[in-house]
Amino acid sequence: MSTPNPVLSIAPVVLPTPDRAVDLRLRISVPMTGSELPVILLSHGQGYSNHLSSLDGYAPLVNSWAAQGFAVIQPTHLSSRTLNLEPGDPEAPMYHRSRAEDMVRVLDRLDEIETSVPHLRGRLDRGKIAVAGHSMGGHTASLLLGARYTDPVSGAEVDLAEPRISAGVLLAAPGRGGDALTEFVTENYPFFLSTDFSTMTTPALVVAGDKDASTHLTVNGPEWHADPYFLSPGRKTLLTLFDAEHGLGGISGYDVAETTDENPERVAAVARLTSAYLRSEFFPGDPAWRQACDELTSGPDPLGRIDVK
């Protein structure tokens with residue numbers, strides 16, 4: 001077994017943000033050595049745990065990505081239970097637009113972030129930026145990749161596509177709106193109703209579990225989470241994980257109660273495949289993606305399948 005590369009993780013890195021309900025707090029994770037590090041912006045989900053939906057979540061993915069040569073930046077969005085904000089904001093409780101705007105703030109202030117984090121200055125490759133997100137974080141990532149929706153209050157179309165982001169990873173992300181949604185979602189989260197993937201042109205890897213029914217969100221079953229692949233244009237890849245539920249084996253944290261399909265092997269596969277996919281986008285010709293795909297789909301008990309368009 002190979003020795004993992006040491007990782008440096010620093011939190012909280014606080015960006016003063018006077019036009020936000022609270023200052024923006026980040027976790028920055030990088031390998032101890034190396035330069036020209038591609039950047040992954042990671043948007044957390046919205047489960048019922050107190051701390052997974054914050055900069056303190058997703059350690060299984062973050063540690064692996066950083067060890068494999070990425071700089072991972074995790075904001076705590078305003079929807080986080082760790083903040084417990086008053087419900088008066090029109091965007092509460094999900095802060096669907098604010099989440100995407102958090103990522104834009106991070107990109108706008110990379111100079112400040114590099115200066116404030118020891119051993120980070122000059123190590124980021126700002127020409128190689130990806131966004132990743134799980135569950136509600138997948139919705140955030142979709143918007144930054146080009147998906148749109150209609151604001152339920154103003155009626156205006158919302159376009160938050162971020163041109164500095166050149167690749168994405170959607171992990172158990174929400175699918176289309178309309179009649180695919182449950183009555184609860186329609187009544188409580190109407191911004192989901194108008195989700196439009198037809199403008200999501202940025203290349204992306206969509207990861208979905210074939211047992212992720214998400215009955216509290218959709219009436220369409222596990223196929224709903226593959227909508228970002230089937231309903232968007234451009235180069236997209238779909239990774240379907242066999243027997244995986246919404247936690248994809250436990251990507252949001254180690255041994256957490258809300259994981260219903262605990263499977264360390266599946267988590268390791270997600271970490272390796274997502275990293276390999278992004279390397280293939282940022283470094284054309286890198287063999288890691290093809291090698292990881294061959295291992296995933298070969299043998300008598302494959303972990304999943306790959307579709308490409």
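Remember, predicted model here, so these are calculated numbers, not experimental data.
- Separation of the Phe191 and His96 ring centroids falls under the 6.0 Å cut-off.
- By the 6.0 Å contact criterion, CG on Asp19 is enclosed, its count of non-hydrogen atoms from other residues, nucleotides or ligands being greater than 12.
- From Ile73, atom CD1 reaches atom CG of Leu42 across 10.5 Å, with rounding to the nearest 0.5 Å.
- Under the 3.5 Å distance criterion, the side-chain polar atoms of Asp23 are left unmatched by any main-chain donor or acceptor of Pro16.
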Quiz prompt | Stepwise salt bridge (Lys or Arg N to Asp or Glu O under 4.0 Å) test for Arg305 and Asp210 | solution = CA-CA 10 Å; Arg305 71 171 183 272; Asp210 70 357; 5.7 Å; no

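- Between Pro75 and Met103, some side-chain heavy-atom pair lies under the 4.5 Å cut-off.
- Interatomic distance, Arg266 CZ to Leu248 CG, rounded to the nearest 0.5 Å: 8.0 Å.
- No more than 12 heavy atoms of other residues, nucleotides or ligands lie within 6.0 Å of CZ in Arg25, so this atom counts as exposed by the packing criterion.
- Applying the side-chain hydrogen bond (donor to acceptor under 3.5 Å, both in side chains) criterion to Asp212, with sequence neighbours excluded, gives Ser214, His225, His246.
- In this structure the side chain of Phe70 never reaches within 4.5 angstrom of the side chain of Lys128, judged on heavy atoms.
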Practice problem: Kindly indicate, with the supporting measurements, whether the criterion side-chain contact (heavy atoms from CB on, under 4.5 Å) is fulfilled by Leu110 and Val39. | Solution: CA-CA 11 Å; Leu110 282 178; Val39 177; 5.5 Å; no

Self-check item: From CA spacing to verdict: side-chain contact (heavy atoms from CB on, under 4.5 Å), Ser53, His134
Solution: CA-CA 10 Å; Ser53 297; His134 174 236; over 6 Å; no

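- For the atom pair Leu171 CG and Ile251 CD1, the distance stands at 4.5 Å (nearest 0.5 Å).
- Applying the side-chain hydrogen bond (donor to acceptor under 3.5 Å, both in side chains) rule to Thr76 yields no partners; only residues at least two apart in sequence or on another chain are considered.
- Formation of a donor-acceptor pair under 3.5 Å by the Thr182 side chain with backbone atoms of Val185 is found in this model.
- The distance from the OG1 atom of Thr186 to the CG atom of Leu217 is 10.5 Å, given to the nearest 0.5 Å.
- Between Gly304 and Leu296 the shortest heavy-atom distance is N-CD1, 3.7 Å.
- When all heavy atoms of Gly57 and Val62 are compared, the pair lying nearest together is O-CG2, 4.4 Å.
- What you find for Trp224 and Leu181 is that their closest heavy atoms are CZ2-CD2, 3.7 Å.
- Of the N and O atoms on the side chains of Ser98 and Glu91, not one donor lies less than 3.5 Å from an acceptor on the other residue.
- Residues Thr17 and Arg109 meet the side-chain proximity criterion, which asks for heavy atoms closer than 4.5 Å.
- With Thr218 contributing its side chain and Ala180 its backbone, the two residues share a donor-acceptor pair below 3.5 Å.
- A donor-acceptor pair is defined here as one N or O able to donate and one able to accept, closer than 3.5 Å; such a pair exists between the side chain of Ser142 and the backbone of Gly138.
- No single ILVMFWY cluster, assembled from side-chain heavy atoms under 4.5 Å apart, contains both Tyr229 and Tyr277.
- Rounding to the nearest 0.5 Å gives a distance of 5.0 Å between CZ of Arg97 and CG of Leu160.
- At a threshold of 4.5 Å between non-hydrogen side-chain atoms, the residues Asp56 and Arg27 count as touching.
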Self-check item: Criterion side-chain contact (heavy atoms from CB on, under 4.5 Å) on His119 and Leu8, from CA distance to verdict
Solution: CA-CA 9 Å; His119 310 298; Leu8 174 68; 4.1 Å; yes

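- With hydrogens and angles disregarded, a donor-acceptor distance shorter than 3.5 Å links the side chain of Thr199 to the backbone of Gly146.
- Counting only N and O atoms by type, the side chains of Arg99 and Ser43 include a donor and acceptor under 3.5 Å apart.
- Annotation for Asp125 and Pro38: closest pair CB-N, 4.3 Å, computed over non-hydrogen atoms.
- Cluster annotation: Phe197 and Leu170 are assigned to the same hydrophobic cluster (Ile/Leu/Val/Met/Phe/Trp/Tyr, side-chain heavy-atom contacts under 4.5 Å, transitive).
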Exercise. Tell me, with the steps shown, if Glu162 and Val131 meet side-chain contact (heavy atoms from CB on, under 4.5 Å).
Key: CA-CA 10 Å; Glu162 174 48 67; Val131 64; over 6 Å; no

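- In this structure, Val72 and Ala66 approach most closely via the heavy-atom pair CG2-N, 4.2 Å.
- In this structure, Tyr95 and Leu83 have side chains that are not in contact, with every pair of non-hydrogen atoms separated by 4.5 Å or more.
- Contact of the Tyr189 side chain with the Phe184 side chain is registered, since non-hydrogen atoms from C-beta on lie closer than 4.5 Å.
- Note that CG of Leu124 and CD1 of Ile129 are 8.5 Å apart. Values are rounded to the nearest 0.5 Å.
- Cluster annotation: Val308 is connected to Phe282 through the hydrophobic network of ILVMFWY side chains, with a link wherever side-chain heavy atoms come within less than 4.5 Å.
- Here the side chain of Gln68 pairs no donor or acceptor atom with the backbone of Ser275 at under 3.5 angstrom.
- Clustering ILVMFWY residues whenever any of their side-chain heavy atoms sit less than 4.5 angstrom apart, transitively, puts Leu37 in a cluster other than the one holding Val7.
- Residues Lys309 and Ser232 meet the side-chain proximity criterion, which asks for heavy atoms closer than 4.5 Å.
- Listed here is the closest heavy atom pair of Pro222 and Gly209: CB-O, 3.7 Å.
- Linking ILVMFWY residues whenever their side-chain heavy atoms come closer than 4.5 Å, directly or via other members, places Leu278 and Leu241 in the same cluster.
- Ring geometry for His44 against His77 counts as tilted: the plane angle lies between 30° and 60°, on a 0 to 90° scale.
- Applying the salt bridge (Lys or Arg N to Asp or Glu O under 4.0 Å) definition to pairs two or more places apart or across chains, those involving residues 222-250 are Lys211-Asp243, Arg235-Glu281.
- For Ser198 and Asp196, the side-chain atoms include at least one donor-acceptor pair closer than 3.5 Å.
- Judged as a side-chain contact (heavy atoms from CB on, under 4.5 Å), and not counting sequence neighbours, the contacts of Asp151 are Val153, Ser154, Val158.
- Of the possible donor and acceptor atoms, none in the side chain of Ser135 sits under 3.5 Å from a partner among the backbone N and O of Gly45.
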Side-chain donor-acceptor pairs under 3.5 Å in residues 267-274, sequence neighbours left out?
residue	atom	partner	partner atom	Å
Arg272	NH1	Glu295	OE1	2.4
Arg272	NH2	Glu295	OE2	3.4
Thr274	OG1	Trp65	NE1	2.9
Thr274	OG1	Val270	O	2.6
Thr274	OG1	Ala271	O	3.1

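- The neighbour count for Glu157 CD, taken as heavy atoms of other residues, nucleotides or ligands under 6.0 Å away, is above 12.
- In this structure the side chain of Leu120 reaches within 4.5 angstrom of the side chain of Glu114, judged on heavy atoms.
- Looking at residues two or more places apart in sequence or on another chain, you find a side-chain contact (heavy atoms from CB on, under 4.5 Å) between Val13 and Ile10, Leu26, Ile28, Ser116, Val117.
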